[in-house]
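As structure tokens, the structure follows; a few thoughts come after it.
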Amino acid sequence: MRSDAVKTGTQQAPHRSLFNALGMTKEEMDRPLVGIVSSYNEIVPGHMNLDKITQAVKLGVAMAGGTPVMFPAIAVCDGIAMGHVGMKYSLVTRDLIADSTEAMAMAHQFDALVMIPNCDKNVPGLLMAAARLNVPTVFVSGGPMLAGHLNGHKTSLSSMFEAVGAYAAGKLDEDGLTECEMKTCPTCGSCSGMYTANSMNCLTEVLGMGLKGNGTIPAVYSERIRLAKHAGMQVMEMYRKNIRPRDIMTKEAILNALTVDMALGCSTNSMLHLPAIAHEIGMDFDISFANEISAKTPNLCHLAPAGPTYMEDLNEAGGVYAVMNELNKKGLLHTECMTVTGKTVGENIKDCANLNPEVIRPIDNPYSQTGGLAVLKGNLAPDGGVVKRSAVVEEMMVHEGPARVFDCEEDAIAAIKGGKIVEGDVVVIRYEGPKGGPGMREMLNPTSAIAGMGLGSSVALITDGRFSGASRGASIGHVSPEAAVGGPIALVEEGDIISINIPELKLEIKVSDEEMQARKAKWQPRKPKVTTGYLARYAAMVTSGNRGAILEVPKAK
């Protein structure tokens, strides 16, 4: 056992004395030590139930012959962090989570791990840690929130942000806003649409790192507790068979995840997290993979914010495995990939029926023949920008309009809510990328304000920052190279004509090469917004969005 390094032999007598101090018996020390990485806290609604999930996992591990030992991982609530300095601390926690989990697991020599995440950054952060550590590992999330109910319709967090825009536009009064506030988020769990948290929990199933239902069983269902117990049991089976994360998270598994991402219509943030996970297994992930896979992968689901269905509906329709089985009818998946079940993807999804063709479109009747995400390139984004194509209205698939340029999110929001943005405009928000932010803030507030004010079908938004999974419309993020390193987005001037052509995968500025070169020659780097603490260190090491905003040690000059 790996844990023998801290439990066995004369030299380990001091170590055992500390286990004794924990109240651990010899019988417990004789078993494999299983680290239970719990993201439980009392500030994130998606995490407030993780204490129950953790206890269920520990019971499952113990029933199957292991000794469970819990340690924590942090998590930020993106909704609470939205629209202020706190959002600078969201994406950056992904690497803190991976690093701290690696440190705890290596320092204490666990034989296996069960990861218990739920929200946006701690799912990919723990997947990155699992790939690094490569000890038998199973994931079990806290599960999605149930949808809210308002005026006879289901609703979710994106509707709440858009209600703020409607209030600013005089389309909703204060009582209406308060009613939305009280009814939108009715239970614990990750927010109820196909936002980033649920996207990544679903893709954890696809990657083979979570059991069936991990992405979709609602947080408040007792079935989630049973799933957690089975996850604890399953990690012991993996330990006995020596099935490890890098046996599961292969290049083919990453491509499966990208394929199902296209069918589900996942958050654009998956195009930051999948490259980062791929990096941990040594795979060079070019975001242009997305277009190759999208071209042959139909979009089968329109969950909120793209449509009127929610995670509970996807669960009842058969869940992620039912979507995968639809895709497999056209041979779009690598079915030979190993999973935490000890079986292949093909064995897992066999006979998983689509129980509701209104929620999961059959493969021969998709919403579109192409996938939910697209990578656009052109002279404004030489290294690419990402758009959630499945959440763009038809009239904005091709758009041309004047640039309205803002050097931070706050200035853009003030202009939108102040009525200074009009039909046809292209809002450009820059210096919000991984380095420039620093931290690559989500732009849910401006996209929601645009939608709430009735401009969602006539105004586009382009940024070197990123979008929430709750964003919809012609919202193009991750524009690379970012403004902070002198990318073309830094050279855009007020009134420049910007051309967006999503079907042709193009993002261009109608300015001559000579003029752009002249602007580049005059451009000067901005003084860093943050010069101390973790954000300063992050800004010094982070790469562009097209590479997944991974951290690299700066090369010596």
Side-chain angles (χ1 to χ4, degrees), residues 1-40 50-73 97-98 100-117 122 126-127 129-142 204 208-212 214 224-249 338-343:
M1 284 186 286
R2 176 190 176 101
S3 61
D4 284 346
V6 295
K7 296 187 312 187
T8 303
T10 305
Q11 291 296 318
Q12 278 65 43
H15 305 67
R16 288 193 297 276
S17 73
L18 294 169
F19 282 111
N20 289 335
L22 291 170
M24 195 174 285
T25 65
K26 182 180 184 303
E27 289 81 0
E28 287 173 297
M29 279 188 263
D30 287 342
R31 295 178 169 192
L33 283 184
V34 181
I36 314 299
V37 189
S38 175
S39 303
Y40 169 74
L50 296 191
D51 55 342
K52 295 177 176 61
I53 300 294
T54 299
Q55 289 304 315
V57 168
K58 290 172 72 174
L59 186 58
V61 168
M63 286 192 293
T67 297
V69 183
M70 189 280 289
F71 65 88
I97 290 160
S100 60
T101 302
E102 174 192 357
M104 287 293 287
M106 291 300 294
H108 302 103
Q109 291 293 288
F110 290 105
D111 297 298
L113 297 166
V114 180
M115 307 293 198
I116 309 177
N122 73 323
L126 291 177
L127 284 165
R132 279 185 210 171
L133 292 161
N134 203 36
V135 298
T137 304
V138 174
F139 276 67
V140 56
S141 77
T204 299
M209 292 297 294
L211 298 175
K212 181 183 179 184
N214 182 59
R224 174 67 54 180
I225 300 295
R226 296 197 297 272
L227 179 74
K229 292 174 183 175
H230 283 130
M233 296 178 205
Q234 192 58 38
V235 81
M236 294 308 300
E237 186 67 17
M238 292 178 68
Y239 171 76
R240 286 186 279 270
K241 293 181 178 178
N242 197 29
I243 299 173
R244 299 169 181 251
R246 286 185 216 157
D247 300 325
I248 295 168
M249 288 193 284
M338 178 52 62
T339 72
V340 294
T341 66
K343 299 177 181 178

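Along the sequence shown, the residues carry numbers beginning at 1.
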Intermediate values then yes/no, side chain to side chain contact (heavy atoms under 4.5 Å, CB included), V69 and F71 = CA-CA 7 Å; V69 183; F71 65 88; 5.9 Å; no
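- Residues Y40 and I116 have side chains not in contact (no heavy-atom distance under 4.5 Å, counting atoms from C-beta outward).
- Annotation for M115 and L126: closest pair CE-O, 3.7 Å, computed over non-hydrogen atoms.
- Formation of a donor-acceptor pair under 3.5 Å by the N122 side chain with backbone atoms of P117 is not found in this model.
- Using a distance-only test at 3.5 Å, with no hydrogens or angles considered, no donor-acceptor pair links the side chain of R16 to the main chain of T10.
- Of all heavy-atom pairs between R31 and G66, the closest is NH1-O, 3.6 Å.
- Annotation: the span from K343 atom NZ to T339 atom OG1 amounts to 9.0 Å, rounded to 0.5 Å.
- With sequence neighbours excluded, the residues satisfying side-chain contact (heavy atoms from CB on, under 4.5 Å) with E28 are M24, T25, T67.
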Stepwise side chain to side chain contact (heavy atoms under 4.5 Å, CB included) check, L33 with Q109 | CA-CA 8 Å; L33 283 184; Q109 291 293 288; over 6 Å; no
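- A pairwise comparison of heavy atoms in N214 and S141 identifies OD1-N, 2.7 Å as the closest pair.
- Using a 4.5 Å cut-off on side-chain heavy atoms (C-beta onward), M236 and V34 make contact.
- Put simply, the side chain of R246 gets close to the backbone of R132: a donor and an acceptor are under 3.5 Å apart.
- For the pair D247 and M338, the tightest heavy-atom approach, listed with the atom from each and the gap, is O-CB, 3.9 Å.
- Residues passing the side-chain contact (heavy atoms from CB on, under 4.5 Å) test with M1, sequence neighbours excluded: S3, D4, K7, P32, D111, Y239.
- Within the 3.5 Å criterion, the main-chain N or O of A112 finds no donor-acceptor partner in the side chain of R2.
- The shortest side-chain heavy-atom distance between I243 and E237 does not fall under the 4.5 Å cut-off.
- Using modelled atom types, no side-chain atom of T101 and backbone atom of A98 make a donor-acceptor pair closer than 3.5 Å.
- Residue M233 holds its CE atom at 3.0 Å from CE of M63, rounded to the nearest 0.5 Å.
- In terms of heavy atoms, A228 sits closest to V140 at CA-CG2, 3.9 Å.
- To the nearest 0.5 angstrom, M29 atom CE is 10.0 Å from T8 atom OG1.
- Once rounded to the nearest 0.5 Å, the distance linking CG of L59 with NZ of K229 reads 5.5 Å.
- Using a 4.5 Å heavy-atom threshold, the side chains of L211 and Q234 count as touching.
- Contacts of D30 classified as side-chain contact (heavy atoms from CB on, under 4.5 Å), with partners at least two apart in sequence or in another chain: K26.
- Contact detail for L50 and G142: the closest heavy-atom pair is CD2-CA, 3.4 Å.
- Using a 4.5 Å heavy-atom cutoff, the side chains of I225 and I53 are in contact.
- D51 is not listed as a side-chain neighbour of Q55, based on a closest heavy-atom distance of 4.5 Å or more.
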Please walk me through it: do L133 and M106 pass side chain to side chain contact (heavy atoms under 4.5 Å, CB included)?
-> CA-CA 8 Å; L133 292 161; M106 291 300 294; 3.7 Å; yes
